[in-house]
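Protein chains get the first letters and strands the later ones, always in sequence-line order, with residue 1 at the start of each.
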Amino acid sequence: MSAAPEQVTVTLPDGKALTFAKGVTGGEIAAAIGPGLAKAALIILVNGQEYDLFRPIDQDAKIRIITKKDPESLELIRHDMAHILAMAVQALYPGTQVTIGPAIDDGFYYDFARAEPFTPEDLPKIEEEMKKIIKAGMPTRREVWARDKAVEHFKGIGETYKAELIASIPANEDVSIYWHGDWHDLCRGPHFRTTSEVGDAFKLTKIAGAYWRGDAKNAQLQRIYGTAWRDKKELDEYLHRLEEAEKRDHRKLGRELELFTFAPDVGAGLPLWMPNGMVIRQELEFLALNEERKDGYRRVATPHIAKEALYYRSRHLPYYGEGMYAPLDIDGENYRLRPMNCPHHHLIYGATRHSYRELPLRIAEYGQDYRYEASGGLSGLMRVRGFCMNDAHIYCRYDQAKDEFIRVMKLHARYYDLLDIKEYYMRLSLPDLNKLDKFVDEPQKWLDALAIIRQAMDESGMKYVEGKGEAAFYGPKIDFMIKSAIGTEYTISTNQLDFLATTTFDLKYIGEDGADHPVYVIHRAPLGTHERFTAFLIEHYAGAFPTWLAPIQARVIPISEKFGDYAQKVLDTLFQVPVVNGTAGLRVDIDSSNERMQKRIRDAQLQKIPYMLVVGEREAAEGTVAVRLRSGKDLGAMPLETFVARIKNEAESRRDVAE
RNA sequence: GCCGUAGUAGCGUAGUGGUAGCGCAAUCCCUUGGUAAGGGAUAGGUCGUGAGUUCGAUUCUCACCUACGGCACCA
């Protein structure tokens with residue numbers, strides 16, 4: 001199909017072709033299709049490229065008109081919303097400079113340069129102003145300027161950040177300027193026809209500091225965050241989701257369930273594990289102990305500190321020094337709290353001679369480490385300064401490294417399956433060899449190590465994304481990434497391939513040929529640290545741990561004091577039930593407080609105890625327990641032995657009976 | 001570390017320039033109750049720490065500590 005030169009033919013998604021005069025706009029096309037679409041149209045895709053509805057189309061094209069029904073509309077709304085935020089702020093606070101304001105997940109933000117800080121009280125005022133702008137329906141206009149003209153213009157009106165931004169665009173490129181009424185900004189577009197189409201399902205959420213161009217060396221700007229949706233219903237759902245997420249926040253549940261605490265007198269980022277939390281920690285340790293034994297790991301134990309010389313040798317001080325605590329002067333010599341366990345383990349490997357026959361050698365330690373994390377980055381148990389890592393180092397020959405890495409990945413799979421963890425992704429972290437202060441300068445060794453990891457991942461069929469500049473200084477790594485309840489992303493497990501240790505610690509093995517050969521070291525921590533992993537599990541289970549992890553697994557509730565003896569007998573019986581896969585027998589208690597049974601059931605439920613065993617006259621007479629789950633489900637009375645079999649099975653299999 | 005906000009009993013909160021209330025939890029008493037909050041009484045705080053202003057500060061100012069929201073960092 002061809003059109004006359006003055007005409008363009010546009011093809012709709014359903015294949016239908018329409019012919020218009022050259023320079024037709026998306027708005028006109030939508031109107032030609034129907035009045036409903038004309039009204040609902042937001043922007044138009046022209047051969048996949050986003051056009052404003054008022055931008056002329058000069059060529060034949062496949063088109064698609066985007067309305068609020070299309071998922072892409074959310075990002076467009078948020079982008080327009082960011083402009084409207086900037087308009088509102090500049091109207092209310094003259095002299096404020098604009099910088100950038102993109103759409104992000106769930107919303108948008110805009111960074112401003114202003115001497116006076118914004119305060120939370122400013123947000124409602126800005127929201128009001130935004131609503132006015134939206135209501136006014138100011139028409140949008142797009143202009144194309146030469147870059148230099150734009151730079152001069154924005155300099156001239158005192159928008160120095162904007163001018164700097166435009167100046168970094170190649171000189172020969174034109175830039176697009178968008179006008180909304182009298183307000184204008186450099187922008188790639190696209191934008192809606194007027195300031196009305198965005199709707200009013202938005203809310204400004206927070207104020208924050210943010211560095212210009214994301215660099216701490218630059219000036220700090222003020223960022224205003226907002227959320228925006230297609231309609232009020234979506235906005236309300238989003239706000240509701242946030243509230244629900246807050247209920248899962250491990251910091252809140254950690255306090256309520258008495259899992260851990262912090263004390264200012266101990267220090268920021270140094271958690272104190274309470275008895276309930278320690279149960280989870282011990283069960284995880286026990287799990288790791290057993291799983292690692294199956295995979296041929298052997299345990300070691302090493303101190304939390306070492307002489308500074310060790311960390312020069314390991315290269316931690318030059319490459320990782322900022323992350324370490326200041327030295328402790330001991331008898332005139334500097335000691336350091338260790339930030340990682342590897343140097344100690346390397347010394348264990350190096351303490352004896354190793355034949356190729358012994359490799360791989362896998363040594364494991366739940367090792368306590370201390371890192372001087374930036375004070376502003378600390379967050380509950382997710383980001384701490386003192387933590388205990390599920391660490392191990394695998395010393396192997398080069399030809400074994402790939403298979404060992406695969407084996408480590410399979411260990412992850414076993415854990416994640418057991419814990420029902422599905423929401424995570426893997427990231428291959430590469431070095432940025434332009435930043436040699438952060439990565440050891442051994443280009444070929446980096447490439448070799450990367451090749452091994454890629455091969456291992458491909459062979460085991462595991463998908464991953466890549467992240468530049470996030471490798472360890474001594475080698476590339478595979479991280480397992482998760483999101484916390486409040487949406488922050490964390491590394492939950494980290495696994496590195498280390499080519500450096502063989503040199504720095506002179507680690508080698510004696511080959512078949514009788515000569516020394518270098519080793520690869522795999523650093524792996526599938527369960528990450530107790531701190532972060534437990535934080536994650538708290539949020540993952542919303543505090544309702546499966547029976548094997550639950551601090552209290554069952555609570556006996558006598559209906560009245562009269563049945564105290566029988567309740568005690570039930571407690572004693574359960575307490576003595578051996579649990580093969582557990583760190584101890586069953587964890588049970590009794591609530592004989594002077595409260596009504598209903599109240600005591602409610603208390604147990606709030607503490608998320610898996611089982612409530614109600615005992616009264618009937619149970620005492622029949623040797624049964626009335627079993628109630630924390631979900632509220634009533635399993636009715638059953639012989640005590642039946643219940644014992646059930647709970648023992650759950651504790652030992654580490655899997656709850658599905659309800 | 002940087003920007004902003006905050007810090008009142010175990011937890012959640014009210015409040016004031018003249019030495020603090022409430023709810024839940026705690027303790028005791030009454031009730032002996034059959035599956036999500038029975039009733040009553042009592043105790044508990046010098047209002048994060050230090051300094052300053054003031055006749056007098058929990059309330060104002062400053063510094064520090066800690067937390068929260070971001071940024072940066074997170075090998």
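Residue A:G632 is out of contact with every strand shown, counting any heavy-atom pair closer than 4.0 Å. A:G380 comes within 4.0 angstrom of sugar-phosphate atoms only, judged by non-hydrogen atoms across all strands, and of no base. Residue contacts for A:M340: at a heavy-atom cut-off of 4.0 Å it reaches the sugar-phosphate backbone alone, with no base atom in range. Counting any heavy atom pair closer than 4.0 Å across all strands shown, A:I486 reaches sugar-phosphate atoms only and no base atom. Looking at heavy-atom distances under 4.0 Å, A:Y225 makes contact with sugar-phosphate atoms alone, never a base. A:R371 comes within 4.0 angstrom of nothing in the nucleic acid, heavy atoms only.
A salt bridge between A:E622 and A:R618 is absent, with no side-chain N of the basic residue lying under 4.0 Å from a carboxylate O of the acidic one.
A donor-acceptor contact closer than 3.5 angstrom links the side chains of A:E121 and A:T119.
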task: Taking Watson-Crick and G-U wobble pairs with both distances under 3.5 Å, convert RNA chain B into its dot-bracket string, 5' to 3', dots for unpaired and | for cross-strand pairs.
output: (((((((..((((.......)))).(((((.......))))).....(((((.......))))))))))))....
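The side chain of A:R255 contributes an N or O atom lying less than 4.0 Å from OP1 or OP2 of B:G12.
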task: Could you please spell out the steps behind the salt bridge (charged side-chain N to carboxylate O under 4.0 Å, His left out) verdict for A:K445 and A:D448?
output: CA-CA 5 Å; A:K445 289 182 178 172; A:D448 292 346; over 6 Å; no
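A:Q222 contributes no side-chain N or O that forms a donor-acceptor pair with the base of B:C3 under 3.5 Å.
Residue pairs meeting the side chain to side chain donor-acceptor pair (under 3.5 Å) criterion with at least one member in residues 476-488 of chain A, sequence neighbours excluded, are A:R427-A:D479, A:K477-A:D479, A:D479-A:T494.
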